[in-house]
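A quick write-up on the structure given underneath.
Note that the structure is a prediction, hence the values are computed from the model and not measured. In listed order, ligands and their atoms are each counted from 1.
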Amino acid sequence: MSTSIEADPDLLWTPRKPSQTQTSLFREHINQTYSLSLKTYEDLYNWSIENRADFWSELWDWEKVIGEKGDYIVDQDKNLPELNPLWFKESKLNWAENQLRYSRSNPNDIAIIQTSESTSDYTPSIKKISQKELNELVGKVQRSLLRDGVKKGDRIGFWGGNVLESVLVLLATSSIGGIFSSAAPDFGLDGVKERLNQIQPKILFVTNAVVYNGVVRPLLPLLPELLKSLKNPPDKIIIINHLPENLCPIPDQLQNNNSNSHHGITINWDNWLDTSISETKFTRLGFNDPIWILFSSGTTGKPKAIVHRQGGMLLDSLREHHLAGDIGRGDIFFYYTTPGWMMFQYLISALATGATIVLYEGSPLKNPSYLFNLIDDLGITIFGTSAKWIEVISKTYPKVKDNHRLSTLKQILSTGSPLPAALFDFIYENVKKDVLVGSITGGTDVCSVFAGRNTCLPVYRGEIQSRMLGFALDTDGPRNHPGELICKQAFPIIPLGFWPLEGYGFPVEEVELAKKRFKESYFKGEEGLWYHGDYVRITPSRFGNSGGILMLGRSDGVLNPGGIRFGPTDIYSVLEGTEYAQLGVEETLVVGLMVDDGADEKVVLFVKMKQDRSLDESLIKKIRTDIRLARSARHVPAKIIQVSDIPVTLTNKRVEVPIRKLINGAPISSINPATLRNPDCLEEYAKLGRKMRQEEGMAV
Ligand SMILES: CC(=O)CC(=O)O
């Protein structure tokens, strides 16, 4: 451990006024309330997990949650393995009421800015919606849903772009106690079908089209086939004209039903919407009532339909945005996402802090300067994206700071995959020096962040700043060694389960199967600890930060050649710099091939090259040398093979686990193609697997 903060070569950024941050002020408040003398973030973190009931209760008050808290928080002693205790059992609240709370106190503040990509014949205008307008719009959607008989527990589906209406539908659904679920425009028909068939929405909203990479991509032509394939189709389909109708006309099969009457199957948003004006009314519900269903990008079986609880989602998003992130009124918060990713919910929940949120629909990369211009034009203060986007920018648009002022920008958040150390350097050298780079991790399973950005702490190269308050995170191995990320105590954002939950009219066998699958997915072993599926290392505590986190890959993608365990990221990070991009390397994937009857494994590196470039002997030699020098001889892949494509999930994550299974002999049918963006490439891996197994003298 370094003795002085300035002497640490990995230190990249320090907060200017750490004592003024929400976390430090909260620590002072805890000290006063409980007569304690917690001095550092680490002290507060330890207190928060040793006194969970007090922590989450204090958080409720600190964040001025609207609702009745009640006396019961959680039974601290009834921990995992009770698996999933109820929290705040006596409380009553409404998620949407809390998201819209600034519409009463600050009606003229801008709540949402909506912007979209353009095409050669379509230039959308930037829309700004005030808090008051937002409340009234949600009220209109709410009344229209109620008129259509929507009630507590009904599922409402949304398929389409990251547009204002998606937020209105989510808020209105929650105001009534409905359960929201959305799919992105780029999910193929099978992906949408699988989701809708599981949850059976009463009403489905669809945007007529989206623009991506300058091209109009209509969704309506897919709708007739989608509806035909649903076991239990929605009562109504509401079409949102995100693009002008002349650019994407309604197909004939849908035209017939498109009437002003509310009995048709498909109705245009404008015809459906109740236009009378009055404020939204909120039904207060229990903390543990469901709010939305997210789908995990698991690659075997049906996607897991994860049900989250409204109180947990509200309280923890305030912990994340306001307490850890100091986001509040005056902030303009952008996160690049689609409604098919949990970052959509992450972005929208920042409304409860009073910040303005920015919705962007379109490709983030068609013009790499576009989003940086947006930061300057809108005065964005918090900018969120994926590690992949930062990597592409570092290769295609490296001189960011020469072209953009970025004077309002305070934080850059990154997720989706680990942010390698080289990309921290890229941001600080080429984007902005005085900015908090927050690599954040959590995911669909918790719909929040377990470890991430923290405004009261320094940023160290390659590290996630801290474990978040209230989560007893650890690894299943010794400290400072890589291990699986676990949570040792129950927390209020454990999902309620997988859909269907009990009590919603689904067959008992389906409910029981969902319960079993849920338990098997996260709670391993006798102790019933929460296994998050990530392979990580918690670094030693530095300057009171409770230890940062290094992400090493998905835990089941762990490599173990000759008994040396390491994550795929150890290899990716060596090959991710500009040098390899210039040599033509586009993407890589690393997995283990089982040898010696499963007693050992060989590391196999698949490389996708840019068009017209090939993986020649000299490049293979360079890869081997660089990995040996940067890591160790044990990390050097035994096989380095060029492939035509690297498989990714619908949310663009590389999939080590199914490819590992495939090359070790599992059939292609064991992988659900609807969960992948490019399932056509699986055949190539199956063939390569057979060839490699033959070379190793195994039966194929
Ligand atoms: C916060 C996250 O972890 C988001 C994701 O990568 O799915």
Side-chain angles (χ1 to χ4, degrees), residues 162 182-184 186-187 292-299 303-306 308 312-313 316-317 319-321 324-325 327 333-350 364 382-391 411-420 423 437-454 463-468 470-471 473 484-487 491 493-495 521-522 530-536 548-557 567-569 572 648-657 675-677:
N162 188 25
S182 51
D186 57 347
F187 285 10
W292 52 62
I293 303 176
L294 300 179
F295 288 87
S296 83
S297 46
T299 43
K304 292 181 276 187
I306 305 170
H308 288 284
M313 289 296 100
D316 194 55
S317 65
R319 192 261 330 125
E320 167 64 12
H321 293 312
I327 298 183
F333 178 32
F334 170 96
Y335 216 108
Y336 182 79
T337 184
T338 70
W341 192 19
M342 58 139 291
M343 297 312 286
F344 172 74
Q345 271 84 358
Y346 183 87
L347 172 65
I348 293 166
S349 346
I382 320 288
F383 177 84
T385 183
S386 63
K388 186 73 206 163
W389 185 82
I390 299 173
E391 188 208 328
Q411 300 173 21
I412 297 180
L413 305 182
S414 165
T415 193
S417 55
L419 187 69
L423 292 181
V437 174
S439 174
I440 61 177
T441 187
T444 311
D445 317 281
V446 290
C447 193
S448 188
V449 165
F450 261 170
R453 166 265 327 259
N454 196 324
E463 268 187 31
I464 293 180
Q465 281 181 290
S466 69
R467 289 176 283 169
M468 301 327 256
F471 301 111
L473 296 182
E484 281 209 40
L485 183 65
I486 54 174
C487 194
F491 47 93
I493 56 170
I494 292 185
S521 298
Y522 303 111
W530 172 272
Y531 273 74
H532 197 58
D534 284 323
Y535 192 57
V536 306
I549 292 202
L550 294 173
M551 302 299 293
L552 306 172
R554 289 295 292 169
S555 55
D556 24 21
T569 311
Y572 300 145
V648 290
T649 63
L650 297 176
T651 49
N652 287 323
K653 296 188 182 177
R654 281 183 273 226
V655 287
E656 286 92 4
V657 181
T675 59
L676 297 179
R677 198 171 280 285

Which protein N or O atoms sit under 3.5 Å from any N or O of ligand 1? Give each pair with its distance.
unit_1, atom_1, unit_2, atom_2, d
ligand 1, 3 (O), Thr415, OG1, 3.3
ligand 1, 3 (O), Gly442, N, 2.9
ligand 1, 3 (O), Gly443, N, 3.2
ligand 1, 6 (O), Thr415, OG1, 3.4
ligand 1, 6 (O), Gly416, N, 3.2
ligand 1, 6 (O), Lys653, NZ, 2.8
ligand 1, 7 (O), Trp341, NE1, 3.1
ligand 1, 7 (O), Lys653, NZ, 2.7

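The aromatic rings of Tyr346 and Phe333 sit perpendicular, their planes meeting at an angle over 60°, well past the 30° parallel limit.
Checking side-chain atoms of Ser182 against main-chain N and O of Pro339 turns up a donor-acceptor pair under 3.5 Å. Panel note: side chain Thr444, backbone Met342; no donor-acceptor pair is recorded below 3.5 Å.
Not counting sequence neighbours, the partners of Asp186 by the salt bridge (Lys or Arg N to Asp or Glu O under 4.0 Å) test are Arg677. Qualifying salt bridge (Lys or Arg N to Asp or Glu O under 4.0 Å) partners for Glu320, counting only residues two or more places apart in sequence or in other chains: Arg453.
Each side chain to side chain donor-acceptor pair (under 3.5 Å) pair with one or both residues in residues 334-343, not counting sequence neighbours, would appear here, but there are none.
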